[in-house]
Every structure is written in C-alpha cells, then in structure tokens.
Amino acid sequence: MTMIDVTLPDGTVNEYVAGITCEEVITDALGRKHGCLAAKVNGVEHDMSHVLDSNCSVEGILASSDEGMHILRHSASHLLAQAVTALYPGALPTIGPAIDRGFYYDFAMDPIAESDLKAIEKKMHELARKNLTVERVELDDTALRERFEHNPYKLEIINDKLEAGDGSTVYTQGGWYDLCLGPHVPNTSRLMFVRLTSVSSAYWRGDQDREQLVRIYGIVEPTKEDLKATLHRMEEAKKRDHRKLGKDLQLFHVDEDVGQGLILWTPRGATVRQELQSFIAHHLQRQGYQQVFTPHIGKLDLYRTSGHFPYYQDSQYPPLVERELMKKLANEGCTCGELSNMMKTGDIDGYMLKPMNCPHHVKIYASQPRSYRNLPLRLAEFGTVYRWEQSGEISGMTRVRGFTQDDAHLFVTEDQIAEEVQGCIELVQIIFEKLGMTDYRVRVGLRDPDSSKYVGDPERWTKAEDACRSAAASLGVAWTEEEGEAAFYGPKIDFVVRDVIGREWQLGTVQVDYNLPERFDLTYKGSDGALHRPVMIHRAPFGSMERFCGVLIEHFAGKFPTWLTPTQCHIITISEKHRAYAEEVANLLKQHGVRVEVDDGDDTIGKKIRTHRKLQPAYMVILGDGEMEQRSVSLRARNGDQIADVPLERFLEQLTEEISEKVSEPSLVPPQT
Ligand SMILES: [Zn+2]
Ligand SMILES: [Zn+2]
C-alpha cells in the first residue's frame with residue numbers, strides 16, 4: 001500500500017492511501033458540509049472525483065469564490081444543453097462557456113422564442129433534481145471522433161484541439177455527454193438555482209460568413225437567496241439602464257445618419273453635462289489649473305512624434321489627406337494600400353481626428369521658454385477625442401467613438417510629482433462626495449518587477465510609485481497595488497466606482513509620464529540655470545463626460561439632485577384662471593437661475609401630473625385658487641409626497657439654497673409618514 005502526503009491550505013500535512021479522491025480528502029478535512037464544488041491540486045483545478053496518487057497540496061473550491069462561480073456557470077451551460085437536446089432532438093450543441101455574470105450555450109437549431117425558455121428551464125430543474133452524477137471520461141482520438149460523428153461543430157473543435165495536441169475528454173451526466181476539459185460540479189443537484197434570461201442569435205465562431213446559431217443566456221447561483229438577490233439586481237439594472245432612461249428623460253440621442261457611437265446631447269442632457277462641467281471647472285480653477293482650447297484635428301507628424309501613429313491606428317478613424325494631394329496621387333494611379341503605406345512611413349502627411357489631447361497641450365507648453373518658477377503648469381480642457389471602437393462594442397454613452405474627456409496635463413518638476421498627484425485625487429474625492437458616490441476604490445498600477453519594458457530611470461520610478469501609493473492611501477478608501485499594471489511610461493491611479501446595486505464602473509485615471517516630455521524634447525530652466533526635463537501628469541479622473549453622465553444616470557436612476565436636474569420645477573396650473581400667476585412664479589424663478597417649465601394647458605391636473613412625472617423634475621409646483629390668493633405654491637415630490645401653501649418667497653429662498661449648496665436630494669417636501 002503506497003501512502004501519500006497531502007498538504008492542506010492551513011499547512012497541515014495528512015497521510016492517505018494513494019488512490020484517495022479530492023472529495024474524500026476535503027470531507028476528511030472539513031466535514032461533509034464543506035460546500036466545495038471542485039478542488040485545486042498543486043494549484044490546478046480538478047473535479048472532486050480526481051484521484052490522488054502522489055504527494056500534493058489540495059484546496060477546496062467554494063461555490064462562492066470566483067473560480068467556484070465559473071465552474072458552476074460552466075456546469076449550468078452543460079445542463080442547458082442537456083435540456084435543449086432532450087426537448088429539441090435535432091438541436092446540435094456547439095459551444096457553451098461561462099461568462100461574467102452567467103453563461104450561454106450556442107445551438108444549431110431552428111430559432112426559438114423568449115417564451116420557449118420556460119419549458120427549457122423546467123427541464124433543467126427536472127434534470128437537476130435527479131441529482132445525476134457528472135463524470136469525466138477520457139477517450140482516444142478515434143473514440144472521440146466517433147462519439148461526435150453526428151455533430152460537425154464538435155468535430156471541427158476536436159480537429160483543432162487534436163491538431164494542437166491537446167487531446168480531450170468528455171463529461172457525461174445521465175447518458176448525455178459533451179466535449180469538455182472540465183472541471184465540473186460533482187452532480188446536477190448543485191445546479192438547482194438556475195434561470196434562463198434571454199435568447200438571441202450568434203454566428204458559429206463569431207464569423208458572419210458561417211452558420212447562424214441560437215444563443216441562450218442564463219444565470220445560476222449557489223443558493224436560492226443568491227438567485228433572488230441577483231434577479232433583483234438585474235431588475236434594478238434594467239430600470240436604471242441609461243440607454244432607456246436617456247430616451248425617457250430626453251437626455252441624449254444617437255442617430256444612425258450621424259454615426260454609431262457619436263452622442264447627440266439634447267438640451268436636457270446638455271444641461272446636466274454643462275452643470276457637471278461647471279462644477280468640475282470651478283474646482284480646477286481653485287486648484288490653479290488654467291483652461292485651454294485646442295482643435296479636433298492635428299497633423300499626422302504630431303502623432304508620429306507622440307507615438308500614437310501608426311502604432312494605434314486600428315483604434316483611430318482613418319487619416320484625412322489634403323484634396324490636392326489625393327488628386328495628384330489618384331492621377332498617378334496610387335492604390336489605397338500604397339497611400340496608407342506612404343502615410344505610415346511619413347512620405348505624405350495628412351491630418352488625424354485627435355485620439356488624445358496630450359500632444360496639443362505639449363505644444364502649448366513648448367510654445368514659450370519655461371522656468372522652474374512657472375512649474376507646475378496645469379493645463380485643463382474638456383477636450384473631445386475620437387477612437388474607433390468596433391461596432392459590436394459600442395453601447396449607449398459608456399462605449400462610444402467620440403467623447404469629451406475632463407482632461408488636464410500637469411507639467412511638473414520631479415519634486416512636485418507627489419503633491420500634484422495628491423491634488424488630482426483630492427479633486428476626485430470632493431466631486432465623488434458631492435455626487436453621493438461614497439463607494440469607490442482606487443487601484444495603483446505599478447511596474448512588473450520582472451520586465452524591462454519601462455522607460456526612464458528606475459530610481460525616479462520608485463519615487464513616483466511611492467507618490468501614487470501615498471496619495472491613494474490618503475483618500476481613506478479601499479485601495480490596491482497592482483504590479484504590472486503601470487503603462488511603460490509611468491505608474492498610474494485608476495478610480496473604480498461601485499453603484500447602489502453593486503456594479504463596478506471604471507472611470508478615469510491619473511497617470512505619471514516620463515515618455516512624452518522625452519519624445520517632444522520638453523525642457524525648463526532650473527534654479528541652477530541648466531535645462532531640465534519636466535515630468536507630465538495626465539489626468540482625466542472622471543473618464544469622459546459621456547461615460548460619467550451615463551454612469552450618473554444609472555447611479556441616480558434618472559432622479560438627479562436638484563442642481564443637476566434638467567428642468568428643476570414644472571409649474572402646473574389647475575385652470576386657466578391661474579395662468580398669470582404661473583407666469584409670475586416662472587419669471588421669478590428664472591430670474592434666480594432656476595430651470596422652469598410651465599404647463600398652463602387645458603388637461604386635467606391628474607393628466608398633467610402623469611405627463612410631467614415622466615421627466616422627473618425635482619418639484620412639480622401646483623398653482624390653484626388658494627395658492628394665487630395667498631401668493632404661495634403647493635409642491636409635489638417625485639415620490640408623490642406633497643406640501644401645500646408654501647409662501648412663494650420662502651420657496652424661492654429654500655430652492656435657490658438647495659441648488660447652490662448642491663444638496664444631494666430634493667428636500668423641500670417633507671416625507672409623509
Ligand atoms: Zn464543459
Ligand atoms: Zn494625456
């Protein structure tokens with residue numbers, strides 16, 4: 001009998017008879033209710049049934065861990081395929097991976113409707129309840145090909161895999177089987193809490209020239225409570241979706257005739273953006289930033305120097321070439337390919353829609369001699385840039401092709417880095433706080449200690465990394481250091497916000513840069529009279545106005561604080577008798593900078609309230625006989641709460657204070673108990 005040593009995560013070493021399974025080891029260590037789905041043996045994932053025959057370390061994988069969720073989701077996709085092939089015998093399973101929030105499986109089959117999902121889900125529950133054992137079977141090449149003879153998709157995968165020498169295994173459950181490397185849950189009873197969410201179509205291998213498949217999406221959770229919470233979150237996310245709210249609240253529009261991913265800010269959305277920009281600009285000015293404006297295009301040569309062209313040209317709009325030059329080249333019979341080559345090599349020049357604002361700001365720095373007395377120089381611009389996102393990736397305001405960054409570049413001496421990075425992130429803190437975004441974290445991107453790709457002196461790097469670290473630590477929020485996440489030209493700080501329903505949004509960055517000052521040969525005269533190289537800090541902490549507004553729409557679920565609300569008061573008359581008073585109230589509010597809309601039409605008050613509620617004003621101001629006689633207003637809050645007969649002067653005073661103080665929620669109507 002051979003004995004083996006098995007090391008557990010707490011360092012304990014147990015002796016077992018060789019041939020013992022992971023399941024037995026984990027049950028021995030943690031008891032029957034260990035809750036593990038699979039195990040890591042020497043760090044590699046395996047099924048619970050995996051047999052141990054030599055010394056090793058074993059660690060259970062809990063369903064609640066990221067790895068566990070991945071296995072659970074992938075196992076649920078198998079269950080889905082088993083159910084679909086049971087209900088639709090002609091359906092051919094192709095691939096079915098786990099994804100970020102769930103799983104999907106693609107089938108070659110006739111299209112099905114959303115309404116067919118219920119029956120498939122029922123079948124899945126039935127199979128889960130049967131508690132079928134999930135088993136791994138190793139097959140040789142011939143057996144493998146025979147097994148999937150009827151399914152050309154699986155055969156294609158098998159051929160690719162075997163060519164690469166990967167071999168493969170099959171997983172079976174209750175007679176059904178799928179090509180897979182595993183690992184999987186030990187039995188189907190682990191998959192009780194599954195829900196199918198949608199059906200769409202996809203191309204085999206993502207290739208538009210190949211077969212169209214039916215894709216079914218689902219989610220799965222380890223417990224009933226988890227499933228309930230996830231469904232609730234999805235429901236909330238749907239309600240808050242900025243693409244839907246953007247339309248309902250008339251905030252922005254995307255028009256195919258203008259172009260995909262190019263946002264048209266309608267007046268109401270533009271108001272929100274303008275308020276935000278003014279707010280940010282006000283704080284930038286207080287911190288000693290200077291505002292600049294630069295054009296939307298620049299010469300190709302500028303981006304050759306900065307390094308943005310031709311290396312990143314796949315993510316840029318194609319360059320613009322001058323008309324006369326185009327004509328001349330066309331007459332010479334120049335092909336598109338040749339033209340593109342000549343641009344790359346610099347034989348001809350053209351212009352580019354700017355993918356970044358930095359080169360323009362660098363040129364402003366370089367436009368006059370600088371001395372250490374001028375530094376730091378802080379140049380800020382709400383600068384619009386253009387990037388070529390793949391059309392499949394474009395979504396609402398959060399993935400777009402043209403966007404305006406809350407951009408700024410700081411030109412600093414080596415010794416000023418720490419203080420300036422600190423200043424950048426203090427600004428972020430102030431603004432997040434005002435917006436009620438209290439749940440955010442910070443990631444500090446550092447060098448990969450094993451790589452030599454970084455430009456600049458290692459000692460200076462260490463200093464800059466320390467500066468980023470201590471700035472992050474000073475925020476008093478969770479922060480992490482991530483080795484290898486720095487750009488090749490300097491360390492950085494990223495901001496990640498978590499919204500009320502637990503989703504994380506990556507916003508912008510503060511980035512130290514040793515590279516661009518070098519490429520553009522920037523200098524300043526030091527106190528020693530010699531020329532020195534400045535360091536640049538790029539910062540766009542909120543990312544872009546598009547993305548930030550998209551996130552804010554979802555964060556507030558369209559119910560903005562009064563200062564950000566596109567129309568703050570909707571004045572509604574009860575009858576035509578009150579028109580003159582409504583006009584008087586509207587004018588008074590407007591004079592004090594309040595954004596007002598008046599509805600003195602003939603609809604009933606009930607109908608007017610229903611109509612205006614859709615636009616989520618901070619207040620509906622209702623005017624009738626009583627209000628007119630007493631020179632007062634009655635207010636209605638978004639949730640339907642009301643307060644009657646507030647004297648007009650007092651209302652004006654409270655409202656303007658709520659706006660100027662940027663109070664987080666409309667507060668003039670006391671909650672009704
Ligand atoms: Zn699988
Ligand atoms: Zn920049």
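Nothing fancy with the numbering, it's 1 onward along the sequence. Heavy atoms only: backbone and side chains are in, while hydrogens, waters and symmetry mates are out. Numbering of ligands and ligand atoms starts at 1, following listing order.
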Please find out if the Zn ion (ligand 2) and some N, O or S atom of Cys358 are separated by less than 2.8 Å.
yes

Suppose we only allow N, O or S atoms; which atom of His538 ends up nearest to the Zn ion (ligand 2)?
ND1

Angular separation of NE2 (His74) and SG (Cys180) seen from the Zn ion (ligand 1), to 10°:
110°

Which N, O or S atom of His409 lies nearest to the Zn ion (ligand 2), by name
NE2

Relative to the ring of Tyr386, is the ring of His296 parallel (under 30°), tilted (30 to 60°) or perpendicular (over 60°)?
tilted

With a 6.0 Å cut-off on the ring centroids, do Tyr104 and Tyr217 count as close?
yes

For the residue pair Lys354 / Thr294, report whether a side-chain donor-acceptor contact shorter than 3.5 Å exists.
yes

With Arg547 as the cation and Phe403 as the aromatic partner, state whether NZ or CZ is under 6.0 Å from the six-membered ring centre and within 45° of the axis.
no

